[in-house]
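We count ligands from 1, going down the list as the structure has it; atoms in each ligand are counted the same way.
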Amino acid sequence: MIEIVDIRYCRLGTADLDGAVRFATELIGLELVDRGNGAAYVRGDDRDHNICYFEGDPADQTLGLEVRAFDDLAAAEAILQTAGVETRRGSDDEAEARRCMGFINFKDPTGNSVDLVVRPFHSGNRYFASRDAGICEFSHVGLKTTDAPRDEAFWSTLFNFRVNDWIGSAPLMSFDQVHHRIALFPTDHAGLQHINFQTESIDDIMRSYYFFRDRQIRIRFGPGRHATSNAMFLYYDGPDGMTYEYSSGVRMVDEEWRPRQFPFTAESFCVWGSRPDIDEFQTD
Ligand SMILES: [Fe+2]
C-alpha cells in the first residue's frame with residue numbers, strides 16, 4: 001500500500017504564461033513565488049507552491065502527491081510496477097523544477113499524470129496574498145475518469161485513499177481526515193477537473209462572488225453548499241479553461257466514517273438549489 005501524506009501541487013501547461021500569472025495573482029488571490037525557465041510558481045498557503053504554470057500544452061496537467069521518504073518512493077515504484085503500471089523516475093533537473101528532493105511519475109488507468117514526490121519544499125516565508133481572497137489552503141482536486149469504479153479500485157487498493165461518499169458512481173476520496181482530497185468525475189478523457197482552495201469563511205466566498213461578477217469572470221457553480229462534504233463553494237473559470245473552486249467549512253471524517261451513496265442529482269451537488277454549469281456535474 002502506498003501511503004500518501006499530502007496533496008502538493010498541480011502542474012499546468014499554458015499557452016499564455018503572463019495571462020495565467022495575472023489571473024492567479026490578481027483574481028484568484030495567489031502569491032507569485034518565483035518565475036523563470038518558462039514557468040511560474042504560485043501558492044495560497046505556506047508551502048513552496050501549489051500550482052506551477054509552465055509554457056506548454058494546456059492539456060498537459062499533472063497532480064503532485066507526497067510520500068514520506070525516499071524508501072517509500074522506492075516501495076511505491078515497486079508496488080506500481082508489480083501492478084503493471086509504468087513508472088518513470090524524475091531527473092535531478094526535473095526534481096529541481098518541481099521543488100522537491102525526488103519524484104516518480106505514473107499515469108492512473110484513465111491516463112491522468114501523477115507525480116509522487118518526496119520531501120517537497122516548504123517555505124520560510126508566510127503566504128502573502130496579492131488579493132485578499134481569504135485563501136487558507138490548497139486542499140483538493142477533481143480528476144477526470146473514464147471508468148469510475150475501475151479508478152476507485154486503483155486508488156483505494158494501491159494507495160491509502162478511502163471513499164468518503166459517492167455521487168452516482170463518482171467517488172470522493174481522501175487519505176486523511178479531510179472529506180475528499182481527490183474526487184473522480186466520469187467523462188471521456190483524462191485531466192484535472194477542478195482545483196480547490198479553502199477560504200476562511202463564507203464571507204470570503206461571497207466577496208469573491210461579487211468581485212468576479214463585477215469583472216465578468218464566468219461563474220460555473222454556486223454560491224452553494226455541497227450535500228457530501230457540507231462545504232460552501234464557488235466554482236469559476238480560470239486560465240486555459242480550468243475550473244477553480246473556493247470552498248469553506250469542509251467536513252472532517254474519522255476512522256468510523258461510513259461512506260454514503262448520494263444519487264447523481266443536482267441536489268447532491270448543492271443543497272441550496274444552485275445549478276452547475278460544469279460538464280461533469282450535469283445531471284440531466
Ligand atoms: Fe471541489
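- Remark: the backbone N or O of Val21 is not paired with any side-chain donor or acceptor of Asp18 at under 3.5 angstrom.
- Of all N/O/S atoms in Glu245, OE1 sits nearest the Fe ion (ligand 1).
- Looking at Gln193, its side chain never comes within 3.5 Å of a backbone N or O of Phe185 through a donor-acceptor pair.
- At a cut-off of 2.8 Å, His180 is not counted among the residues with an N, O or S atom near the Fe ion (ligand 1).
- Applying ring pair (Phe, Tyr, Trp, His ring centres under 6.0 Å) to Tyr235 and the options Phe221, Phe269, Tyr244 leaves one that passes, Phe221.
- Taking the N/O/S atoms of His140 in turn, the shortest distance to the Fe ion (ligand 1) belongs to NE2.
- For His194, the nearest N, O or S atom to the Fe ion (ligand 1) falls under 2.8 Å.
- For the ring pair (Phe, Tyr, Trp, His ring centres under 6.0 Å) test with Tyr246, the passing option among Phe138, Tyr236, Phe233 is Tyr236; the others fail.
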